[in-house]
Amino acid sequence: MADDPSPSISPGSRVPRPRLLRWAGVVIAAALLAAAVVVVVRQHDAIGRALDAMRQPAASHLGLLLGSVLANLLLTGLLFNVLISRYGKVGRVEMQALIAAATLLNFLPLRPGLFGRIAYHRTFNAIPAAASVKTVVQAMILSVVVAGYLATALAVSSQLGAPLWAAVVLPIPLLAAGILRPGTRIWVAAGLLRYLEVMVWAVRYHAAFALIGAPIAAESALALACLSMITMLVPFFGNGLGLREWAIGLATPILVGGDAIIALGITADLLNRAAEVLVVLTLGLTGMGYLIRRQRS
């Protein structure tokens, strides 16, 4: 993987603003994550039931959480495989390995996985860096569109009492039909994949809250999934580290209701993050090994 392509800094020179902002993001993310852990520890009475529930986790919910993390990675790989096809040819297995490796590296400061993936495409797939950056921006736009639609569907369903499942299912056949049109095939396929990603994120939150003994409604899980998707678009926070945990924690009393508290939401997302790290670490290292062997051969 390539190093961060930011300009080098000579002794005595001023730190470029983009690099300064990235380091600030790293520091803030670490502080937010540490603060989230502190909040959970201090709320020991309220979190006691959650910890008791996690001592004997339901195998079905645990498998659902780990499986949905895996599904998110696979869908992300397919999404970028579709978007990059306009600029060059990348094998499906190769892209899956690249996404897994890049996601793992993005847990490190300054998101080296993103820059490494761009450099890889330029070096081994003859895809210009500008084209790779375009696919990243396009994926971000799709995230905003999908999260915006689902948030609107949730609001309308809540206000009018309409069935949420109808609004959620409605775009799927429309998007599937759009794939048949050559002119819109790529964009519609990418949109469908990102839409399914958010659905899988909702499953992750359903499983995470169930594992801590605080099951939530489908509407709440979907709302948290939309929020999670948006927080991970904020720059300078690798994989939304720290920021996502606090966003979910602060939103839990509002979106979940009942006796849900901030610490409960943070606990659920910390569990979600732990599952994510476990799966990404396994697949990321496997992906790196595959890419190294592939290039050597």
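Values below: every heavy atom of this structure, side chains too, minus hydrogens, waters and symmetry copies.
- T103 is not listed as a side-chain neighbour of T76, based on a closest heavy-atom distance of 4.5 Å or more.
- For residues 205-222, the set of pairs meeting the side-chain hydrogen bond (donor to acceptor under 3.5 Å, both in side chains) definition, not counting sequence neighbours, comprises Y205-S228, Y205-D269.
- Residues A202 and A225 approach most closely at N-CB, 3.5 Å, considering heavy atoms.
- With sequence neighbours left out, L75 forms a side chain to side chain contact (heavy atoms under 4.5 Å, CB included) with L193, L196, E197, V200.
- With contacts defined as side-chain heavy-atom distances shorter than 4.5 Å, the pair V69/L66 does not qualify.
- Judged by distance alone, the side chain of N106 and the main-chain N or O of G113 form a donor-acceptor pair under 3.5 Å.
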Legend entry - Stepwise side-chain contact (heavy atoms from CB on, under 4.5 Å) test for I262 and W246: CA-CA 8 Å; I262 292 174; W246 271 103; 4.3 Å; yes
Legend entry - Test log, rule side-chain contact (heavy atoms from CB on, under 4.5 Å), inputs V90 and I127: CA-CA 9 Å; V90 182; I127 297 174; 3.8 Å; yes
Inset, instruction - Kindly determine whether H121 and T135 satisfy side-chain contact (heavy atoms from CB on, under 4.5 Å), including the steps that lead there. - result: CA-CA 12 Å; H121 285 315; T135 64; over 6 Å; no
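- The shortest distance between side-chain heavy atoms of Y290 and Q96 does not fall below 4.5 Å.
- Remark: Q159 pairs with no residue by the side-chain hydrogen bond (donor to acceptor under 3.5 Å, both in side chains) rule, at least two apart or across chains.
- Sorted by first and then second residue, the salt bridge (Lys or Arg N to Asp or Glu O under 4.0 Å) pairs involving residues 280-297 (not counting sequence neighbours) are E94-R294.
- Looking only at distances, a side-chain donor or acceptor of S85 sits under 3.5 Å from a matching main-chain atom of V82.
- Screening residues 70-82 for salt bridge (Lys or Arg N to Asp or Glu O under 4.0 Å) gives no qualifying pairs among residues at least two apart or on separate chains.
- Side-chain contact between L114 and R117: present, with at least one pair of heavy atoms (C-beta onward) separated by less than 4.5 Å.
- Under the side chain to side chain contact (heavy atoms under 4.5 Å, CB included) criterion, V188 pairs with L175, I179, T184, sequence neighbours left out.
- Side-chain atoms of V168 and Y195, non-hydrogen and from C-beta on, do get closer than 4.5 Å to each other.
- If you take CG on L78 and CG on L83, they are separated by 11.0 Å, rounding to the nearest 0.5 Å.
- When side chains are defined from C-beta on, L222 counts as touching M199, because their heavy atoms get closer than 4.5 Å.
- For residues 276-285, every residue pair satisfying the side-chain hydrogen bond (donor to acceptor under 3.5 Å, both in side chains) rule, not counting sequence neighbours, is listed here: R204-E276, R244-E276, R273-E276.
- Closest of all the heavy-atom pairs between F107 and V280 is CE1-CG1, 3.9 Å.
- For V137, the side chain to side chain contact (heavy atoms under 4.5 Å, CB included) criterion is met by V133, I141, not counting sequence neighbours.
- Taking CD1 of I266 as the start and OG1 of T252 as the end, the distance is 8.0 Å to the nearest 0.5 Å.
- With sequence neighbours excluded, the residues satisfying side chain to side chain contact (heavy atoms under 4.5 Å, CB included) with A167 are Y149, A153.
- Other cluster members for L64: V203, joined by side-chain heavy-atom distances under 4.5 Å among Ile, Leu, Val, Met, Phe, Trp and Tyr.
- For the pair F124/L291, no side-chain contact is recorded, criterion being any heavy-atom separation below 4.5 Å from C-beta on.
- Annotation: salt bridge (Lys or Arg N to Asp or Glu O under 4.0 Å) contacts of R92 (sequence neighbours excluded): none.
- Residues W201 and M232 form a side-chain contact, since some pair of their non-hydrogen atoms from C-beta on lies under 4.5 Å apart.
- For S143, the side-chain hydrogen bond (donor to acceptor under 3.5 Å, both in side chains) partners are R194, not counting sequence neighbours.
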